[in-house]
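None of these values were measured; they are calculated from a predicted model. The chains referred to below are lettered A, B, ... by the order of the sequence lines, with proteins before strands, and numbering in each begins at 1.
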Amino acid sequence: MRRYRLPKCKILRTKKDIQQLFREGRYVPGRYFDLVVRTDVVDSKVLFTVSKKIRKKVFRNRIKRRLREVYRLNQYEISMPLHIAMIGKPGALTADFQQLQAEFKQILSKIMDS
RNA sequence: AGAGCAGACCGGACGGCCGCCUCUUCCGGGCUGUGGCCCGUGAAGGGGAGGAAAGUCCGAACUCCACAGGGCAGGACGGUCGCUAACAGCGACUCCGCGCGAGCGGAGGAAAGUGCCACAGAAAACAGACGGCCCGGGCAUGCCCGGGUCACGGUGAAAAGGUGGGGUAAGAGCCCACCGCCCCGGUGGUGACACUCGGGGGCACGGUAAACCCCGUCCGGAGCAAGACCAAGUAAGUUCCGUUGGGAACGCAUCGGGCGUUCCCGGAGGGUGGCCCGCCCAACCCCGGUUUCGGGGACGGAACGGGUAGGUCGCUUGAACCGUGAGGCAACUCACGGUCCAGAUAAAUGGCCGUCGUCCCGGUCUCCCCGGGAUACAGAAUUCGGCUUAUAGGUCUGCUCUGGAU
RNA sequence: GGGGCCGUGGUGUAGUCCGGUUAACACGCCGGCCUGUCAAGCCGGAGAUCGCGGGUUCAAGUCCCGUCGGCCCCG
């Protein structure tokens with residue numbers, strides 16, 4: 001049985017990788033979150049972030065946690081190595097969790113088709 | 001019962017599935033100098049946000065820089081006595097103001113000095129006389145001149161204690177009584193201060209120090225992005241300054257120049273993260289010329305510039321927390337026993353679901369049931385002690401006022 | 001995480017140190033003159049709870065405290 005794990009080594013954390021991702025990655029906007037994706041990589045890694053327009057740190061953290069759960073539970077939908085940045089928007093705080101998952105799958109399939 | 005004051009505390013509970021960080025032990029693998037070290041979709045067990053984690057407003061610990069000190073400047077605090085590692089904190093008490101009250105708020109000095117007090121008003125700070133009142137003189141009275149006066153009038157934030165009586169030309173502490181004020185003494189209190197205490201003074205002393213200032217107490221500067229180490233990597237780069245001068249004594253050498261040691265004086269640079277005094281600090285050789293000097297390297301310092309943004313340590317046992325006892329009105333302290341309780345770093349402490357609790361709304365309308373909604377403020381980042389600010393709802397303790405019953 | 005600076009008409013600033021009774025200046029805006037028209041120029045005018053709340057003072061943009069927002073620096 002597949003285990004839906006997401007340890008630290010799967011998170012993008014070096015400054016070089018992150019800068020490269022935002023410089024060369026493809027930007028895909030969404031309703032609850034935007035994605036930045038880079039395909040010319042050998043392993044799958046991800047990072048989660050939220051704009052400081054959301055003023056309170058509690059709410060920014062909650063959005064990041066929900067996005068992480070979305071990625072964790074749907075990571076096997078990805079069939080190729082990708083570097084992904086998930087950028088939370090205000091709606092992700094109150095939206096239904098099922099809707100977040102649906103949007104993630106939808107955007108993902110769009111990316112993998114192209 | 002209602003209204004209110006002060007303080008303390010909680011700030012959802014239980015369960016299921018899937019996850020995250022960290023520590024310990026074990027398992028597997030690798031390295032080994034057999035002490036261990038490193039790695040893991042590995043296993044088990046322990047721990048995993050707050051009362052404010054916040055604002056960064058104070059105070060410390062700790063680290064680095066600098067340290068013989070002294071002074072000035074600057075900053076902070078400000079009733080008294082205590083508590084504390086320290087504080088702008090806390091406790092008790094004092095005086096003043098506000099409140100019916102429980103209580104709340106304020107606090108050195110304005111008879112050391114300087115400045116300011118707009119407008120209005122006659123006059124605004126060792127003051128002055130506009131109107132009015134009174135007296136005298138002059139013109140034949142309403143007018144003018146000289147004098148007295150602040151009791152009254154108006155102004156203002158603020159105008160020479162208040163009330164009553166005597167007194168007077170009119171008045172005024174001018175005099176008297178009471179109240180208030182000031183000074184000296186006494187008594188009580190560690191003290192702020194208090195006093196139905198004694199004596200003296202007719203009363204002089206406007207406000208502002210969150211204006212300068214004076215008095216007292218305290219304060220070196222930065223901050224865990226402090227700081228230490230490892231790895232990788234660039235340009236061991238550029239510019240500037242300095243590594244010295246004079247004198248005395250002694251010794252060596254001597255034709256002369258000189259050399260060495262000690263002491264004194266001076267100069268340049270740097271440090272003492274504001275300034276001054278004082279103090280402290282390091283570094284010499286080669287070549288040419290040999291009196292000053294020129295060139296080169298090395299060393300010390302300053303400014304500018306280049307590279308890295310990876311890892312390890314600091315990093316959580318501490319003025320710690322929980323009991324019990326003792327001292328103290330209290331803040332708090334002491335003794336004994338017990339506990340180990342987050343350490344992340346693009347940053348863990350969660351996501352989804354169910355049941356229940358609390359509150360609100362609607363139906364029902366004896367709060368039983370059904371449906372819907374709400375469940376705050378807010379997320380550790382070196383660590384403590386405080387303060388301040390945000391906060392749905394709720395609990396407890398003590399007290400006050402009003403009304404009712406007994 | 002730590003340190004520092006700034007909030008004044010629509011915009012950019014002055015005034016804040018040392019408090020004083022119409023808060024100044026430039027650009028912009030509105031109206032008029034000029035021109036065949038526009039611009040420029042000239043004349044006149046409107047527009048500010050001085051980020052917000054409390055305190056000191058007779059009096060606060062200015063002094064003190066709290067709070068909110070914005071900007072910069074440090075490895």
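Taking the C1' atoms as reference points, B/G35 lies 47 Å from B/G271, given to the whole Å.
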Inset, instruction - Evaluate the criterion side-chain contact (heavy atoms from CB on, under 4.5 Å) for residue pair A/Leu82 and A/Thr39; output intermediate values, then yes/no. - result: CA-CA 5 Å; A/Leu82 290 175; A/Thr39 52; 3.5 Å; yes
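Under the 90° criterion around 0 for the glycosidic angle, B/U41 counts as syn. Glycosidic conformation of B/A111 is anti; the angle lies outside 90° of 0. Because its glycosidic torsion is more than 90° from 0, B/G357 is reported here as anti.
Counting non-hydrogen atoms under 4.0 angstrom, A/Arg66 reaches the backbone sugars and phosphates but no base. Backbone-only contact: A/Arg55 has heavy atoms under 4.0 Å from sugar-phosphate atoms and none from a base. Residue contacts for A/Leu6: at a heavy-atom cut-off of 4.0 Å it reaches the sugar-phosphate backbone alone, with no base atom in range. Here A/Arg62 lies in heavy-atom contact (under 4.0 Å) with a base.
Checking A/Lys8 against A/Lys15, the closest nucleotide of RNA chain B that is more toward the 5' end is the one next to A/Lys15.
Applying the 3.5 Å distance criterion, the base of B/C18 shares a donor-acceptor pair with the side chain of A/Arg72.
A tilted orientation is assigned to the rings of A/Phe33 and A/Phe104, their planes being inclined by 30° to 60°.
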